[in-house]
Structure formats: C-alpha cells, structure tokens
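Shown next, in structure tokens, is the structure this report addresses.
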Amino acid sequence: MAPAEPPGDVGLYQAHYANFASRLYGEIRRAAFGEDLGQTGWLTALEQDHFIGWLELSEASHLLDLGCGSGGPALRIALKTGCRVTGVDLHPDAVAAAHANAQAAGLAERAAFRQADAAEPLPFAEGSVDALICIDAINHLPDRPRVLADWQRVLKPGGRLLFTDPIVVTGPIANHEIAVRASLGYFLFVPLGTDERLLRAAGFVVERVEDRTRNMAENAAGWHRARAARAAELTAIEGAEGFASQQRFLEMAASLAAESRLSRLAFLARRAA
Ligand SMILES: C[S@@+](CC[C@H](N)C(=O)[O-])C[C@H]1O[C@@H](n2cnc3c(N)ncnc32)[C@H](O)[C@@H]1O
C-alpha cells in the first residue's frame, strides 16, 4: 500500500525532548493535559487508565511501548500494574529523557529504553512480549502491513496489541490542511476501515475499536492555548518560525479533530493463540 519513504524526520519532537525536563515544558504539559505524564501526543492520565484496563497486565508481564517518547507514559503503566516495560523511540533526546525518568521513578530495573527505528524490523525475538502499545506513533511508520506483521511476530500467542491512530481520514480535507497537519515529519494518513482490515490480514483478532477523537480535539486545543500563553519564553527557545509552525500544527490538529474530518481511533487486538 503505502510509499516506503524513510521516516527519519522527527523535528516536531526536537524542542519537546531537548527541553523535556525544564520547568516551562513541564508547566505546559500540566496546563494542557491536567496531569503531566511526560506525554508528547494526545494521551491523558484518564485515557491511559482506561487503556490499562484493556491490557490484562500483571507483575509477570512484559510490555513493549513503540514510539515511547519520554518514557513517562510507559513508566506510569509499570507503576500501576507492576509489569516490566521496554520502550523504543527514534529520537535520542526522548530515550535520554526516558532513562532519566526511569531512574528518578526508581524503576530502572523494570524499565529499559532504547533508540531504534520502529519502521525497521524490531530488535526483539519472536514471541517475546505479552503486550505491545503504540500511542500516537503508528502514523509515523511507513508500510503498515509490514509493521503489523512484525508486531505479530514479537507478541506471544494470545498477546495484546493496543495502538491509537490519530489521523484516520473521516472527512474531506483540503491540500493546505493536509500540508499543515503533515508539516512536521513523516505522516501516513489512512482511510477509515484500513487499520481493521490490515490488522485482520496480519493475523490479529480485532477486539475493540474506540473513537478517541474528542480527546484529541480537546488536548490539541489545550496544548495550543498553554503554549500561546507562554509565547515569549517559547519563542526564545524554539525561534519565531519554530514556535509559529508548531502552533499552526496544533491549531490544525484541533480543528480537523473537532470537525471529525481526521479521527483518532484506538484499536485493541489479540494475536491469535
Ligand atoms: C506523538 S509522539 C507520542 C509519544 C508517546 N507515545 C506519548 O504518547 O507521549 C510520537 C513518537 O514517535 C516517535 N517516532 C517517530 N518516528 C519513529 C520511528 N520511526 N521509530 C520510533 N519512534 C518514532 C517520535 O520520536 C515520538 O516520540
């Protein structure tokens, strides 16, 4: 299906991860999301609690988080469930933040993070994880059939997969809107129904599909507002054009979601036993 272009551009995340631990960026996350999980997408604590209930994790479980960002969301799951986590992200500053966060949370023995390109075959053995999550990051990976086949490989039989696809096409979108929404890195937009079809083709049993678009509309708008209120400080760090382009991106993400023209869907699937 999709063009197999390299996903290498992670510029969107540069400022977030380079400044992750700063007072300013922490304050923005709290203002935007309520609770600071160290998230860099559209996830909130409330939503993560909802997702944790789907994953059937215990102290014996090994969870893999792809596109894990700062590691904060995976560490919160480890704390809540007792499971062991491994996180993978392409961005070196994200992985450095994840190591620091694991140490600070006293979870270094149960949490490992590594820099790797999740668009490539994963550096994990067949059947080595009980559950795999990918929150707001699958859209950065080309060749979804190949990606899903690899996820199926690393999951144990019966293992659970949870991912959110934040840019499912569910309405008309003009070229300038797509350009802004896709302006900060590699983005793969798929039409409604594609994820379910590809999951089944890869051998997964699809157990749940839930519309989380409203969550994204609210969080994108909240993130935009929180940044706008600190424009001068952010401009000094990100530069005028860097700040403005991220604000345009967030504003577009919020309005396309609010109008349900791009939807964010959560999928729960199981590798057949
Ligand atoms: C929207 S953020 C979500 C981060 C995290 N899951 C969260 O909810 O906070 C997407 C993440 O995917 C990562 N990413 C993008 N392309 C990637 C790739 N090819 N391999 C691994 N990670 C990638 C980015 O660096 C970023 O941390």
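Every number for a ligand or one of its atoms is a count from 1 in the order of the listing.
Against a heavy-atom cut-off of under 4.0 Å, A116 is close to the following atoms of ligand 1: 20 (N), 21 (C). Near H91, the atoms of ligand 1 lying under 4.0 angstrom from a non-hydrogen atom of the residue are 25 (O). Here is the list of ligand 1 atoms found below 4.0 Å of a heavy atom in A137: 10 (C), 12 (O). For ligand 1, the atoms closer than 4.0 angstrom to any heavy atom of L141 are 18 (C), 19 (N). Set against the non-hydrogen atoms of Q39, the atoms of ligand 1 under 4.0 Å away are 9 (O). Close approach to G69 involves these atoms of ligand 1, each under 4.0 Å from a residue heavy atom: 27 (O).
Aromatic ring pairs are classed by plane angle as parallel below 30°, tilted from 30° to 60° and perpendicular above 60°; the pair H16 and Y25 is perpendicular.
Checked against a 3.5 angstrom limit, the closest N/O atoms of H140 and ligand 1 fall outside it. Looking at A94 next to ligand 1, no N or O pair under 3.5 Å apart turns up. Ligand 1 has a nitrogen or oxygen under 3.5 angstrom from a nitrogen or oxygen of I135. Considering backbone and side-chain atoms together, A118 places an N or O closer than 3.5 Å to an N or O of ligand 1.
Across the listed options D117, L43, D136, I133, D117 owns the non-hydrogen atom lying nearest to atom 18 (C) of ligand 1. If you check each of L122, V95, L90 against atom 17 (C) of ligand 1, the one with the closest non-hydrogen atom is L90. Of the options L66, I138, D89, the smallest heavy-atom separation from atom 25 (O) of ligand 1 is shown by D89.
The same ILVMFWY cluster, assembled from side-chain heavy atoms under 4.5 Å apart, contains both L66 and L155.
In the model, Q247 has a side-chain atom that pairs as donor or acceptor with a side-chain atom of R227 under 3.5 Å. A donor-acceptor contact closer than 3.5 angstrom links the side chains of Y17 and T40.
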Applying side chain to side chain donor-acceptor pair (under 3.5 Å), run through Q14 and H91 and close with a yes or a no. CA-CA 8 Å; Q14 180 60 40; H91 202 296; 3.0 Å; yes
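Ion pairing of E35 with R30 is absent here, as no side-chain N (NZ or NE/NH1/NH2) approaches a carboxylate O to less than 4.0 Å. By the 4.0 Å N-to-carboxylate-O rule, R181 lies too far from E177 to be salt-bridged with it.
With F124 as the aromatic partner, R114 meets the cation-pi criteria of under 6.0 angstrom to the ring centre and within 45 degrees of the ring axis.
Not less than 6.0 angstrom separates the ring centroid of F33 from the ring centroid of W42.
Within the 4.0 Å heavy-atom cutoff, C134 does not count among the residues contacting ligand 1. Ligand 1 has Y17 within reach: a non-hydrogen atom of the residue lies less than 4.0 Å from it.
R270 places no side-chain N or O within 3.5 Å of a backbone atom of V206 that could act as its donor or acceptor partner.
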